[in-house]
Every structure is written in structure tokens, then in C-alpha cells.
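What follows is a set of notes on a single structure, which appears directly below.
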2 protein chains.
Amino acid sequence: MPARQTKPQTSKPRARRQTSEARPYHHGDLRRVLIDAALQLAAEGAEVSVREAARRAAVSPGAPFRHFPNRDALMAAVAEEAQRRFRAEIEAALAEAPSADPLARFRAFGIAYVRWAIRNPAHFEIISTGRYFAHGSSAELTRDNAELVALTERMLAEAAEQGLLRSTDLKRILIAARALIYGFARMNLDGHCPRWGLAEDEIERMAEGVIDLFIAGIAKH
Amino acid sequence: MPARQTKPQTSKPRARRQTSEARPYHHGDLRRVLIDAALQLAAEGAEVSVREAARRAAVSPGAPFRHFPNRDALMAAVAEEAQRRFRAEIEAALAEAPSADPLARFRAFGIAYVRWAIRNPAHFEIISTGRYFAHGSSAELTRDNAELVALTERMLAEAAEQGLLRSTDLKRILIAARALIYGFARMNLDGHCPRWGLAEDEIERMAEGVIDLFIAGIAKH
DNA sequence: CTCGAAATGTAATCGATGATTACATAATGG
DNA sequence: CCATTATGTAATCATCGATTACATTTCGAG
């Protein structure tokens with residue numbers, strides 16, 4: 001361990017801006033870069049640590065705490081970004097679904113939901129678990145999620161109004177539907193699928209089959 | 001930092017065994033105690049750390065590593081114990097279910113499954129997630145879980161043989177059933193239930209309702 | 001324009017944790 | 001009875017989240 005250096009840094013502050021090499025003292029948008037680094041870390045399956053995110057942003061270990069009061073706040077921001085992407089993909093899928101048939105829309109919703117979860121396991125995990133930051137700490141995340149729930153609710157209510165369902169216990173159907181879809185997505189995440197003996201792409205088709213089975217179960221006739 | 005002490009400890013080794021106060025150098029069954037401490041830590045919602053388990057066992061921080069090569073191994077042992085209890089409760093519930101009606105047995109299975117998951121959230125999490133230790137690192141855990149899956153499979157196959165099911169795609173039905181039950185249990189764990197506006201005990205009744213809905217959906221007529 | 005306040009990054013440091021090593025002590029069996 | 005082995009202790013390390021004091025840059029009010 002070298003003796004404490006009080007002020008060793010060679011001060012080369014003048015004539016900076018010109019040379020493109022010298023990294024400016026202030027990072028362009030560190031907050032954004034940190035979120036992206038954390039997202040990438042998660043996607044790589046690594047544990048998301050503030051320090052590693054800082055390392056990837058080429059910044060000191062303490063810098064992130066200027067933008068996030070603690071690790072959980074960073075994770076919450078990561079979750080918000082992931083949720084944004086999740087929701088965007090689901091809404092894109094619904095935009096292509098027939099607007100008249102609520103059960104077909106529900107099917108499209110479920111398939112898009114599971115697909116994204118399968119293809120973005122780490123991000124889905126962060127979104128759905130509430131174990132990486134204080135639950136409800138992000139209003140945006142809570143609101144986004146509530147809207148997705150409301151979306152499902154509306155589709156099923158519409159189906160009921162059109163007399164497409166056998167049962168009228170909407171609350172029960174809604175919860176069952178969510179449990180089925182969430183459960184399927186989670187089983188992948190939690191490694192319950194290798195035992196099924198299904199290849200990657202077969203899993204997505206199985207998801208369609210399972211959702212169809214459920215719809216057939218709740219549909220009239 | 002004090003200078004290294006080579007052998008400072010006052011050797012008071014004689015005349016020990018008599019006095020009941022002096023904790024013996026060797027712990028009775030540290031392995032067992034560590035697992036119990038870790039189980040309790042998890043149940044309390046705290047993070048399970050090797051050090052804290054050692055602390056509760058009144059033992060040095062390095063001691064646990066005589067029994068577990070690393071933290072994951074301890075967690076795997078904890079998971080094995082939890083899985084044992086989980087399976088025991090499910091089999092107890094099945095022992096009381098009518099042996100003739102496979103769908104009633106499936107219902108009892110599902111309810112017992114969800115009940116245990118709701119009442120032992122932290123333990124269920126450790127069992128089911130495979131995020132606390134290397135997946136498949138415990139042969140016992142894998143085997144136990146596979147047996148539960150096989151159990152469900154048998155019940156549904158039996159129902160099919162008795163002509164109770166509308167569809168003959170057993171694999172699809174099995175996966176849907178597991179997704180539904182696992183999903184319901186997970187939604188609780190992951191905090192998706194407060195939004196349902198259900199009280200603690202209502203959730204368990206809702207689980208029964210959801211399982212009944214599913215059974216009605218796959219049953220003939 | 002300038003100067004001082006606010007924003008943002010750095011350096012040093014703390015306490016907790018998982019892990020490893022050298023060493024101390026107890027249990028066991030030949 | 002003693003030596004081998006099992007088991008616990010002490011000391012130490014690297015990593016991490018977090019905090020604090022300090023340095024640098026930005027930006028707006030006068």
C-alpha cells in the first residue's frame with residue numbers, strides 16, 4: 001500500500017476541449033448510461049452491482065450515488081425501463097389483433113406476454129418479482145402494471161358482455177387467466193421447463209396451446 | 001491493528017466438562033443447527049447469510065465452511081429440508097383425498113400446494129426459484145420435485161383413462177395445470193395479490209375457486 | 001463577463017459479507 | 001495411550017453498498 005497521496009494528480013486541465021481523447025470530467029448522461037449498463041448486466045445473467053455498472057460507465061464507484069440514493073433506486077429505474085419495453089411490445093401485438101374479438105385479443109395478449117418473458121428472462125424477473133427493490137417504490141412501474149391488469153380485465157369483461165363466457169364470475173376468471181400466463185412465464189424463468197423436453201421455439205408454441213386450452217375452457221360451448 | 005498474537009490465549013483447558021456453562025469446543029450437530037438457523041432467517045424475511053447463521057449457532061464465521069463448501073451448498077441443504085416439508089404436507093393432504101376420483105385428487109393437490117406456498121413464502125421461494133444455488137446441484141431436490149410432477153401427471157392420466165377429460169392432449173393439460181397452480185402461488189410470493197383486494201384467508205378460497213374453474217374447463221361436459 | 005452556487009464526479013474510508021488459510025482442540029479407533 | 005481425523009477459531013482478503021470530504025464543471029444572476 002503506497003503512502004497516502006494527497007494531491008499527486010498532474011493538473012493538465014487547460015487545452016482540453018480540443019483533443020477528443022480526454023474524457024470530460026462530467027459524463028454526458030451518466031444516469032442513462034448506468035441504467036443501460038445495469039440492463040445489460042442483468043441480461044448477461046450477472047448480478048447487478050452498482051460498482052460494476054459504474055465500472056462499465058468508466059466512472060468512480062461513488063458516482064452513481066449522485067443519481068440514485070441507493071442500489072434499490074437504480075434497480076427501480078432499471079425495472080421502469082424494462083417495463084416500458086415490455087408494455088410497448090404487448091401493445092404493439094394488440095394493435096395487430098382484431099379489435100372485435102375480445103378472446104382473440106386476450107390470446108394475443110397472453111402470447112405476447114409470454115414471448116417477451118421468455119426472450120427477456122432477466123428483465124422480466126426484475127419487473128415481476130419486486131425482490132430487487134422496495135415494492136411500490138416506483139409509481140410508474142405500479143401504474144404501468146396496473147394498466148396491463150386493467151387491459152386484461154377489459155378484454156374479459158367485453159367477452160362476458162358478448163356472451164362468450166360460460167361463467168360470469170369475472171374476478172375468478174381474471175385471476176385464473178393471470179395465474180396461468182404468469183405461471184407459464186415464471187416456470188421458464190425458474191428453470192421448470194427443461195424437464196418438459198421442449199426446444200426453445202417449441203416452448204412458445206406450447207404457450208399458445210396452453211392459452212388456447214384455457215380459452216376453450218372458459219368459452220361458451 | 002494489534003500486532004499479530006501468536007499464542008496469547010490463556011490455556012484453561014482442564015476441568016471443563018464438569019461446569020455446565022462452558023460450551024464445548026465441538027458443537028453438537030452444527031450442520032443441522034445451521035440449516036435450521038438459515039430456514040428461520042428465510043422465514044423471517046431476512047437475507048440468509050452464512051455469517052448470520054453462524055452467529056445464531058454461536059460459532060465462528062468460518063465454521064460453517066467445514067460443513068458446506070460455500071453459501072450455495074448451505075442454501076441447497078436448506079432447500080432440501082424445505083422441499084421435504086412441502087412434499088410431506090402435500091402427501092398428507094392426498095392421503096385424505098378420495099382415491100377413486102382423480103380430478104378430486106388433483107384438486108386436493110393443487111389446494112395443498114398453494115396453501116403451503118402461501119403460508120411458507122420464503123421457503124417456497126427457495127425451493128422453486130433455483131436462484132439461490134446452482135440449479136440441479138441437489139439430486140434430492142431434483143428427484144423430489146420430479147416426483148411431484150409425476151404425481152400430477154398420473155392423476156391427470158388417470159382422469160383421461162376414465163374418460164373425464166375433454167381433450168386428450170395430456171402434455172398440454174399437464175403444463176397448463178402446473179402453470180396455473182405455480183402461477184397462483186408465485187403471484188402471492190411476488191406481491192401481485194394486494195391489488196386483488198383480498199384478505200389473507202380469502203386468497204386461499206380464491207385458489208380453490210381458480211382450481212375448480214380450471215377443472216371445470218378441462219372436464220368433459 | 002464574472003463570480004459564486006449548484007451539480008456532478010473523485011478519493012478515501014467504513015462495515016458487512018463470502019471465502020481461504022494456518023492453527024487449535026476434541027473425538028475416535030488401533 | 002497416542003496419532004489421525006474431524007471440527008472449530010483467528011486472521012486475513014476481495015467485493016460490495018454506502019458515506020464523507022473534496023475537486024471540477026456548469027450555469028445563471030448581477
Side-chain angles (χ1 to χ4, degrees), chain A residues 1-18 22-34 37-38 41 46-78 132-134, chain B residues 1-18 22-34 37-38 41 46-78 132-134:
Chain A
M1 181 187 314
R4 171 184 305 219
Q5 305 173 320
T6 311
K7 267 184 161 185
Q9 51 260 41
T10 63
S11 59
K12 44 175 179 179
R14 305 302 117 168
R16 266 269 204 72
R17 200 66 38 74
Q18 325 301 55
R23 176 170 52 91
Y25 188 92
H26 278 187
H27 203 288
D29 184 358
L30 183 54
R31 184 188 156 86
R32 171 92 244 143
V33 172
L34 286 171
L41 274 174
E47 286 214 18
V48 180
S49 81
V50 177
R51 286 180 111 92
E52 182 60 29
R55 226 169 272 134
R56 298 210 174 181
V59 101
S60 82
F65 293 92
R66 291 288 178 191
H67 300 270
F68 306 97
N70 51 42
R71 194 195 110 109
D72 281 10
L74 170 59
M75 294 309 292
V78 170
Y132 296 95
F133 55 94
Chain B
M1 177 185 320
R4 172 182 306 218
Q5 304 172 321
T6 311
K7 267 184 162 186
Q9 50 260 43
T10 63
S11 59
K12 45 174 179 180
R14 305 303 120 167
R16 266 270 202 71
R17 199 68 36 75
Q18 325 300 55
R23 177 171 50 91
Y25 189 91
H26 276 188
H27 203 290
D29 184 359
L30 182 55
R31 185 189 156 85
R32 171 92 244 142
V33 172
L34 286 171
L41 273 174
E47 285 214 18
V48 180
S49 83
V50 177
R51 286 180 111 93
E52 182 59 27
R55 225 170 272 134
R56 298 209 174 182
V59 101
S60 82
F65 293 91
R66 290 289 177 189
H67 300 271
F68 306 97
N70 51 43
R71 193 194 112 107
D72 282 8
L74 169 59
M75 294 309 292
V78 169
Y132 296 96
F133 54 94

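Chain naming here is simple, since letters A, B, ... match the order of the sequence lines and numbering starts at 1 in each.
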### Message
Between A:Arg55 and D:dC16, is there a contact of a side-chain N or O with OP1 or OP2 at under 4.0 Å?
### Response
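It does, given that an N or O in the side chain of A:Arg55 lies less than 4.0 Å from OP1 or OP2 of D:dC16.
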### Side-chain touch B:Val48/B:Val78, heavy atoms, less than 4.5 angstrom
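No, their side chains stay 4.5 Å or more apart.
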Roughly how many Å is it from [atom1] in [X] to [atom2] in [N], rounded to a whole number?
X: A:Asp29; N: C:dA7; atom1: CG; atom2: P; result: 16 Å
X: A:Glu52; N: D:dA14; atom1: CD; atom2: P; result: 18 Å
X: A:His67; N: C:dA6; atom1: NE2; atom2: P; result: 18 Å
X: A:Arg31; N: C:dA7; atom1: CZ; atom2: P; result: 15 Å
X: B:Phe65; N: D:dT9; atom1: CZ; atom2: P; result: 14 Å
X: B:Leu30; N: C:dT25; atom1: CG; atom2: P; result: 19 Å
X: B:Phe68; N: C:dT20; atom1: CZ; atom2: C1'; result: 18 Å
X: B:Arg51; N: C:dT20; atom1: CZ; atom2: P; result: 13 Å

### Query
Rounded to the nearest 0.5 Å, what separation is found between the CD atom of A:Glu47 and the CG atom of A:Leu41?
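Interatomic distance, A:Glu47 CD to A:Leu41 CG, rounded to 0.5 Å: 10.5 Å.
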### Task
To the nearest 0.5 angstrom, please state how far the OG atom of A:Ser60 sits from the CZ atom of A:Arg55.
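Reported to 0.5 Å precision, the distance equals 11.5 Å.
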### Task
Looking at every strand, decide which applies to B:Ser49 at a 4.0 Å heavy-atom threshold: base, sugar-phosphate, or nothing.
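Result for B:Ser49 = sugar-phosphate.
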### Query
Looking at the side chain of B:Asn70, which of C:dT10, C:dA19, D:dG17 is the nearest nucleotide?
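Among the listed nucleotides, the one closest to the side chain of B:Asn70 is C:dA19.
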### Query
B:Ala63 side chain: which of D:dT9, C:dT10, D:dG17 is closest?
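Taking heavy atoms from C-beta onward, the closest nucleotide is D:dT9.
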### Query
Which pair of non-hydrogen atoms, one from B:Val33 and one from B:Ala57, has the smallest distance, and what is that distance?
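Smallest interatomic distance, heavy atoms only, reads CG1-CB, 3.7 Å.
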### Message
Reading DNA chain D from 5' onward, which residue's closest nucleotide shows up sooner: B:Gly62 or A:Arg71?
### Response
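Its nearest nucleotide lies further toward 5', so the answer is B:Gly62.
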